[in-house]
Amino acid sequence: MIGSPVKPLFVFVLTFSLLLVVILLSPSPHILQIPFPAGSSVGSDIWNVKRIMEWRPCKWWLQGHLTPLPAKTNGYIRVDCYGGLNQMRRDLCDGVGIARLLNATLVLPKFDVAAYWNESSGFADVFDVDYFIQKMSGFIEVVKELPKDIASKEPFKVDCSKRKGQFDYIESVLPSLLEHHYISFTPAMSQRRDRYPEYARATLCQACYSAIRLTSSLEKKAIELFDAIPKPFLSLHLRFEPDMVAYSQCDYPNLSPSSIAAIEAARVDRKPWTGELAQIWRKRGKCPLTPNETVLMLQSLNIPTSTNIYLAAGDGLMEMEGFTSVYTNVFTKSVLLNQEDFTRMHGNTKAALDYHVSINSDAYVATYFGNMDKIVAAMRTYKQMHNTLFLSRKAFAELTSQGLEGAELKKALWEVHKSDFAIGRGFALPDCFCEFEL
């Protein structure tokens, strides 16, 4: 009589134990895996550091379309954008916010890339025009074509691109808009966006992070590239091209003779700093990380050498042998894409592909803090993808100048970047995103 309930209990325990074993031995779905587990102990790599702050789109941005547009426009504005793709996108973001500030109607922007890329691709060649107009509805009026009475005219050009200091658009640009009714400008290099009314700031944010997507044909090519990269993977934006190093005015005496010759050819009149000035410049974080220095930084973050790395970079990277001898799973668009397609691609197209891959990668690491890095980091924040990090050139220079090396240097670099990752340093600019404690 006593033994009768034991059998059901035994069956229950046995069944539960078998179920637990099956669960533990079953592979986890990809979305639940730590992105880079191979070669690192649980919780040891940078992506497992607990975040204490998080950036999210500000409420005033998400409600920006609720402010009614003015009944009458002050005129039409075309934003003229120059440089590389991400610099032009930055100018576009600023220009759209300024157009709303001046109660203007926005004409599709002009992308002037000939001087930078030696090509002629415009805004509509890279970005989806109809989608842009649709997403900007309620924030600002955007038109493809001008009214007949001004369609044949060239816009009156207002030069503000080279102005420094805090540029006042209402004082300096609005009079020209009211007089000529159709103007063009390139946004000033320095401005205080925090002084804009919220509806103008919201328009800037909407244009920059919500209204821009690639054309369908370019997006198809970007998806093809993304799908070809082994998963999971880290996108690394590495900047160590001759013109980049020459522009920095930093000296690298220990490079190969071919790299030194390429840098010297690109310097023109930008001679490197020497002596004490060179040390001050380097400690300010002005010198690009070499590929070998980048290897040391990644290892200090416990990112395994078996990690799949997509190299989001332009042509002409120098000194890559030291990098690829340690991190061997490195992939580039020139290898992954059809060679005929790749050869025909313009600079803007290649930059757009790197952008798409980087905002969708499992992790993003940048060795610089340029236009692409700022936009990619902010877009990843907008998409709530938080495995993003900027390698600190300033910390590297400061620590190495103190004589730190080997394990001691790696430990110090870990502490710096652990703190940066925890607070989301560089994840997003405060123009459009607000901090929240976790």
Side-chain angles (χ1 to χ4, degrees), residues 69-137 139-165 167-191 193 196 200 203-204 206-208 211-212 215 218 346-349 351-352 371:
L69 293 174
K72 183 180 179 182
T73 180
N74 284 331
Y76 296 83
I77 285 180
R78 187 187 75 194
V79 184
D80 293 344
C81 307
Y82 299 89
L85 180 65
N86 295 293
Q87 180 178 332
M88 291 192 293
R89 181 169 174 171
R90 181 203 65 192
D91 288 344
L92 170 63
C93 298
D94 286 333
V96 173
I98 295 162
R100 180 66 180 92
L101 176 70
L102 303 180
N103 287 336
T105 299
L106 185 71
V107 181
L108 287 179
K110 176 186 176 183
F111 275 19
D112 190 347
V113 298
Y116 191 87
W117 289 124
N118 194 26
E119 60 169 282
S120 57
S121 57
F123 179 81
D125 297 310
V126 180
F127 298 118
D128 186 330
V129 170
D130 291 331
Y131 183 80
F132 179 76
I133 293 174
Q134 173 199 334
K135 295 295 286 185
M136 294 310 300
S137 177
F139 288 87
I140 191 172
E141 184 181 1
V142 184
V143 297
K144 293 181 181 179
E145 298 179 353
L146 290 162
K148 291 182 179 179
D149 59 327
I150 60 172
S152 61
K153 300 178 182 178
E154 280 296 308
F156 178 81
K157 188 171 181 61
V158 181
D159 183 15
C160 52
S161 62
K162 301 298 183 183
R163 305 286 184 90
K164 294 183 178 180
F167 190 68
D168 190 320
Y169 287 95
I170 293 178
E171 179 182 298
S172 303
V173 179
L174 183 57
S176 296
L177 177 65
L178 294 173
E179 178 183 354
H180 298 280
H181 306 297
Y182 178 32
I183 67 170
S184 69
F185 69 89
T186 300
M189 296 170 64
S190 178
Q191 48 195 298
R193 300 179 188 91
Y196 291 5
T203 303
L204 179 155
Q206 180 73 2
C208 209
I212 291 182
T215 62
L218 196 49
H346 295 305
N348 264 349
T349 301
N371 292 315

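Predicted model, so just to flag it, every value in this text is computed and none were measured.
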For the CG atom of D112 and the CG atom of D80, what is their distance to the nearest 0.5 Å?
8.0 Å

Ignoring hydrogens, what is the shortest heavy-atom contact between D168 and I170? Give both atom names and the distance.
OD1-N, 3.1 Å

T73 side chain to T105 main-chain N or O, any donor-acceptor pair under 3.5 Å?
yes

What I'd like to find out is whether the side chain of F127 reaches to under 4.5 Å of the side chain of L92, using heavy atoms alone.
no

Kindly determine whether D91 and K110 satisfy salt bridge (charged side-chain N to carboxylate O under 4.0 Å, His left out), including the steps that lead there.
CA-CA 11 Å; D91 288 344; K110 176 186 176 183; over 6 Å; no

For the NZ atom on K157, are there more than 12 heavy atoms of other groups (residues, nucleotides or ligands in this structure) within a distance under 6.0 Å?
yes

Could you tell me if the side chain of F111 sits less than 4.5 Å from the side chain of D125, heavy atoms only?
no

Any chance you could lay out the side chain to side chain contact (heavy atoms under 4.5 Å, CB included) test for N348 and M88, step after step, and finish with the verdict?
CA-CA 10 Å; N348 264 349; M88 291 192 293; 3.6 Å; yes

As an exercise, state the distance from CG of L106 to CD1 of I140, rounded to the nearest 0.5 Å.
5.0 Å

So which atom in P155 and which in I183 form the shortest heavy-atom distance, rounded to 0.1 Å?
CB-C, 3.7 Å

Between L69 and F139 the two heavy atoms that sit nearest each other are CD2-O, 3.2 Å

Do any N or O atoms from the side chain of N74 and from the backbone of L102 form a donor-acceptor pair under 3.5 angstrom?
yes

Please round to the nearest 0.5 Å and tell me the distance separating atom CD of Q134 and atom CG of D128.
9.0 Å

Check Y131 against I212 and note the closest heavy-atom contact, atom names and distance.
CE2-N, 4.5 Å

Could you walk me through whether N103 and L174 pass the side chain to side chain contact (heavy atoms under 4.5 Å, CB included) check?
CA-CA 9 Å; N103 287 336; L174 183 57; over 6 Å; no

Shortest non-hydrogen contact between C160 and T186, atoms and distance
SG-O, 3.1 Å

Between CD1 on residue I98 and CG on residue L177, distance to nearest 0.5 Å:
12.0 Å

N/O donor-acceptor pair under 3.5 Å between Q206 side chain and A211 backbone:
no

Under the side chain to side chain contact (heavy atoms under 4.5 Å, CB included) rule, what do D94 and Y169 come out as? Steps first, then yes or no, please.
CA-CA 12 Å; D94 286 333; Y169 287 95; over 6 Å; no

So K144 and D130, do their side chains get closer than 4.5 Å, heavy atoms only?
yes

Please find the pair of heavy atoms, one from A352 and one from L218, that lie closest to each other, and give the distance.
CB-CD2, 3.8 Å

Could you grab the distance from atom CG of D159 to atom CZ of F185, nearest 0.5 Å is fine?
12.0 Å

Could you measure the distance from the NE2 atom of H181 to the OH atom of Y76? Nearest 0.5 Å is fine.
11.0 Å

Given side chain to side chain contact (heavy atoms under 4.5 Å, CB included), test L204 with V96 step by step and report yes or no.
CA-CA 6 Å; L204 179 155; V96 173; 6.0 Å; no

If we ignore hydrogens and angles and just use 3.5 Å, is the side chain of S184 paired with the main-chain N or O of R78 as donor and acceptor?
no

